Amino acid sequence: MVSERLTPMPVSMPAQLPGAVITRFAPSPTGFLHIGGARTALFNWLYARGRGGKFLLRIEDTDRARSTPEATAAILSGLTWLGLDWDGEAISQFERAPRHAEVANQMLAKGAAYKCFASQDQIEAFREAARAEGRSTLYHSPWRDADPASHPDAPFVIRLKAPQTGETVIDDAVQGRVIFRNDQLDDMVCLRSDGTPTYMLAVVVDDHDMGVTHIIRGDDHLNNAARQSQIYHSMGWPVPQFAHIPLIHGEDGKKLSKRHGALGVEDYQRMGYPAAAIRNYLARLGWSHGDDEFFNDAQATEWFDLGEIGRAPSRLDLKKLDHLTALHFSVMDDAAVLHELQAYLAATGADPLSAPQSEAILRAMPQLKDKARNFGQILERGHFVLTSRPILPDEKAAKALDSVSRSILNELTPQLQNVSWNRERLEAIVGEIAAGHGLGLGKIAPALRAALAGRTVSPSVFDMMLVLGRDETLARLAEAGAGG
RNA sequence: GGCCCGUUCGUCUAUCGGUUAGGACACCAGGUUUUCAACCUGGUAAGAGGGGUUCGACUCCCCUACGGGCUGCCA
């Protein structure tokens, strides 16, 4: 078996099974994993996983000034948290620079590209003048058809010898047939004068070498697709299927930026959303399968397809995410919720749950996770099992423990001594006591809640009694009845 | 400036020439209720504007408006 981990990626086109789907996510490591990038990754993942294909990861770190290892780590951990597993090792685009240069030289050799000796200053001057006169700023290099014998001994870039007439057509799976006139596209630089590749070249070479069959990415790259398509053609390579998906906008409809608040997936983790809910929400944002709103990964991978992706940008709506989160908690098993709760604690810098605390939370989990909208709520509701006597009621809860309430608690406590410890009996006894005072349950539940949880927010008082058990319940009631 | 993309309830969307334009979230009203919630019933709410094409347009075409993207030896 060939060790794929240690050998560099083959530079020639890998032999792919016919019809095999290979997608990729190719972020620049300049920060955290953006929520929009996360959705792009999710779409690629869903598409590949739904077709038995591969989902690859490539880090576009060719911009040395802006790329950092920390950012790469953040992106990997963001994807991992989201549950988007990629196949093989993440590939560094920067490390493939020699291969990019090799292709540029092949283009040169076959006459598909040429050396351009124009300096950046010259080109900038041209553009400025063109702008000032309102002319097109497309640069037409005088070196395109120059006799190599006339080449000076000076730095040069390698430019693609792009067609000057006709059209470049992109058959996009989302945007449809998009036509660019070739006279609107200039000869792009493929290899810089320092010998490093431009983004345009690097992307094409990498996608080709990685065997990528479907490029699903943000529609800010739609224009680039035309130019990249020209590179594919110049090398005689098959052009992958493009699918340019609309970007996500903020709640005001503007491009997502810092002022919109949460941008990184890690922010969403810290807000207490479980990954499954984020996946569901993000998948439904810009894509739909009829009226289906709530679904799991299996359904999503089965249903997902490029044709159902919308063409308009969509806005983030946290209320809807909240709603989906509650639905997901309801179908997640308790152990899984607990496990992710621990990760949430770690992400927010809180202390992890001890073994006994975990066990207590797990026992109460059915009540804690019911309709919860985030892990913070689960924790808040779970306070009654995490705390221990003496229960110190918070300010609001203390108000429920006035002298009248305390006397009722004192009346109730002995009656709970020997009853069967089940919900029906507990409800009956508490109901009788309340009725004896001409009160409804609504009048004495707050005191019970304060006594048992020390809070005004908790699961139902009966559920708490059941989870706490007789001894602990009686101890807390007695303590509160005594006046704390 | 040039080129490209987009525009259905507040939001996410269904519709793929013929529908009282549907669903979900949110919101409002009423009900229920031991807290936060949840739940039940009902309700408000949409095809940017203007021209075409067609027996018939949300659906096809054009123009305008608005929004977005690209226009680098950034990615």
Side-chain angles (χ1 to χ4, degrees), chain A residues 26-30 60-63 65-67 93 116 118-120 123-124 127 130-131 133-139 155-159 170 172 174-176 178-181 184-186 188-194 196-200 202-203 218-227 244 246-247 249 251 253-255 281 284-294 310-324 326 370-373 377 380-381 396-397 400 427 430 434 440-450 453 455-463:
Chain A
S28 300
T30 56
E60 307 221 316
D61 51 358
T62 56
D63 186 337
R66 291 195 292 163
S67 301
Q93 184 163 68
C116 171
S119 73
Q120 292 187 61
I123 296 169
E124 188 42 44
R127 289 213 175 94
R131 249 189 298 273
E133 292 169 38
R135 286 186 289 109
S136 164
T137 56
L138 289 181
Y139 180 69
F156 61 88
V157 298
I158 294 181
R159 285 183 187 272
I170 301 297
D172 194 277
V174 174
Q175 306 292 336
V178 184
I179 298 169
F180 298 85
R181 280 173 45 176
Q184 299 292 339
L185 270 17
D186 57 10
M188 79 194 97
V189 173
C190 291
L191 203 69
R192 300 189 187 100
S193 52
D194 65 359
T196 62
T198 58
Y199 161 78
M200 222 56 93
V203 166
D219 70 5
D220 49 335
H221 288 291
L222 182 54
N223 290 281
N224 293 338
R227 321 182 81 102
H244 288 93
L247 268 15
H249 285 181
E251 285 173 324
K254 300 286 186 188
K255 191 182 165 188
Y281 176 72
R284 193 60 177 63
L285 199 59
W287 168 79
S288 64
H289 182 263
D291 285 335
D292 293 310
E293 301 273 354
F294 171 50
R311 286 183 294 273
S314 39
R315 309 179 188 198
L316 247 17
D317 180 4
L318 264 24
K319 288 279 181 52
K320 194 144 191 169
L321 213 201
D322 285 344
H323 178 254
L324 276 176
D370 183 51
K371 307 303 188 300
R373 295 190 306 260
Q377 281 190 342
E380 182 185 29
R381 292 176 187 174
K396 277 190 263 176
E427 283 186 12
V430 173
L441 190 53
K443 293 297 178 190
I444 66 173
L448 277 168
R449 188 181 313 286
R455 299 282 180 91
T456 52
V457 173
S458 79
S460 136
V461 294
F462 301 109
D463 285 327

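Chain A is the first sequence line, chain B the second, and so forth, proteins listed ahead of strands; every chain is numbered from 1. Below, all heavy atoms of this structure are taken into account, side chains as well, without hydrogens, waters or symmetry copies. The structure presented is a predicted model; accordingly, all values stated were derived computationally and were not measured.
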Exercise for review: In plain terms, say whether A:K320 and A:E293 are close enough for a salt bridge, that is, a side-chain N and a carboxylate O under 4.0 Å apart.
Suggested key: yes

Practice item. Among the candidates B:G69, B:A75, B:C25, find the nucleotide nearest to the side-chain atoms of A:H323. Key: B:C25

Check your understanding: Side-chain donor or acceptor of A:Q120 under 3.5 Å from a matching atom on the base of B:G72?
Key -> no

Revision key, fill the gap. Taking a pair to mean Watson-Crick or G-U wobble geometry with both distances below 3.5 Å, B:A38 pairs with none

**Study point:** Nucleotide nearest A:D63 when distance is taken to its side chain, options B:C70, B:A75, B:C12
**Key:** B:A75

Study note, to complete from the structure: Rounded to whole Å, NE2 of A:H221 lies from P of B:A75 at a distance of 11 Å

Exercise for review: Tell me the partner of B:G67, counting only Watson-Crick (N1-N3 plus N6-O4 or O6-N4) or G-U wobble (N1-O2 and O6-N3) with both under 3.5 Å; none if nothing fits.
Suggested key: B:C5

Revision key, fill the gap. Quick note, A:R381 side chain, CB onward, closest among B:A26, B:C36, B:G69 is B:C36

Review point. Quick one: which of B:C73, B:G6, B:G69 gets closest to the side chain of A:Q175?
Key: B:G6

Study note, to complete from the structure: Paired to B:C55 by Watson-Crick or G-U wobble criteria (both distances under 3.5 Å) is B:G18

Practice item. List the atom of A:D61, the atom of A:S67, and the distance in Å for their closest heavy-atom pair. Key: CA-OG, 3.4 Å

**Study point:** Given B:U35, B:C73, B:C3, the nucleotide with the shortest approach to the side chain of A:S460
**Key:** B:U35

Review point. So which nucleotide from B:C5, B:C3, B:C73 ends up closest to the side chain of A:N223?
Key: B:C3

Point to revise | Electrostatic pair A:D186:A:R227 at N-O distance under 4.0 angstrom | key: yes

Review point. Looking at B:G69, does its base get a donor-acceptor pair with the side chain of A:D219 below 3.5 Å?
Key: no

Review point. Quick one: does A:S193 reach the base of B:C73 with a side-chain donor-acceptor pair under 3.5 Å?
Key: yes

Exercise for review: Would you mind pulling out the nucleotide paired to B:C27, Watson-Crick or G-U wobble, both distances under 3.5 Å?
Suggested key: B:G43

Exercise for review: Look at the side chain of A:K320 and the base of B:A24, then say whether one donor and one acceptor between them are separated by less than 3.5 Å.
Suggested key: yes

Study note, to complete from the structure: Side-chain atoms of A:S314 come closest, of B:C12, B:C73, B:C36, to B:C12

Study note, to complete from the structure: If pairing means Watson-Crick or G-U wobble with both distances under 3.5 Å, then the partner of B:U33 is none

Check your understanding: Where the side chain of A:V457 is concerned, which of B:G23, B:C3, B:C36 is the nearest nucleotide?
Key -> B:C36

Check your understanding: Crowded around A:R135 CZ? As in, over 12 foreign heavy atoms under 6.0 Å?
Key -> yes

Review point. Is the base of B:U11 touched by the side chain of A:R315 through a donor-acceptor pair closer than 3.5 angstrom?
Key: no

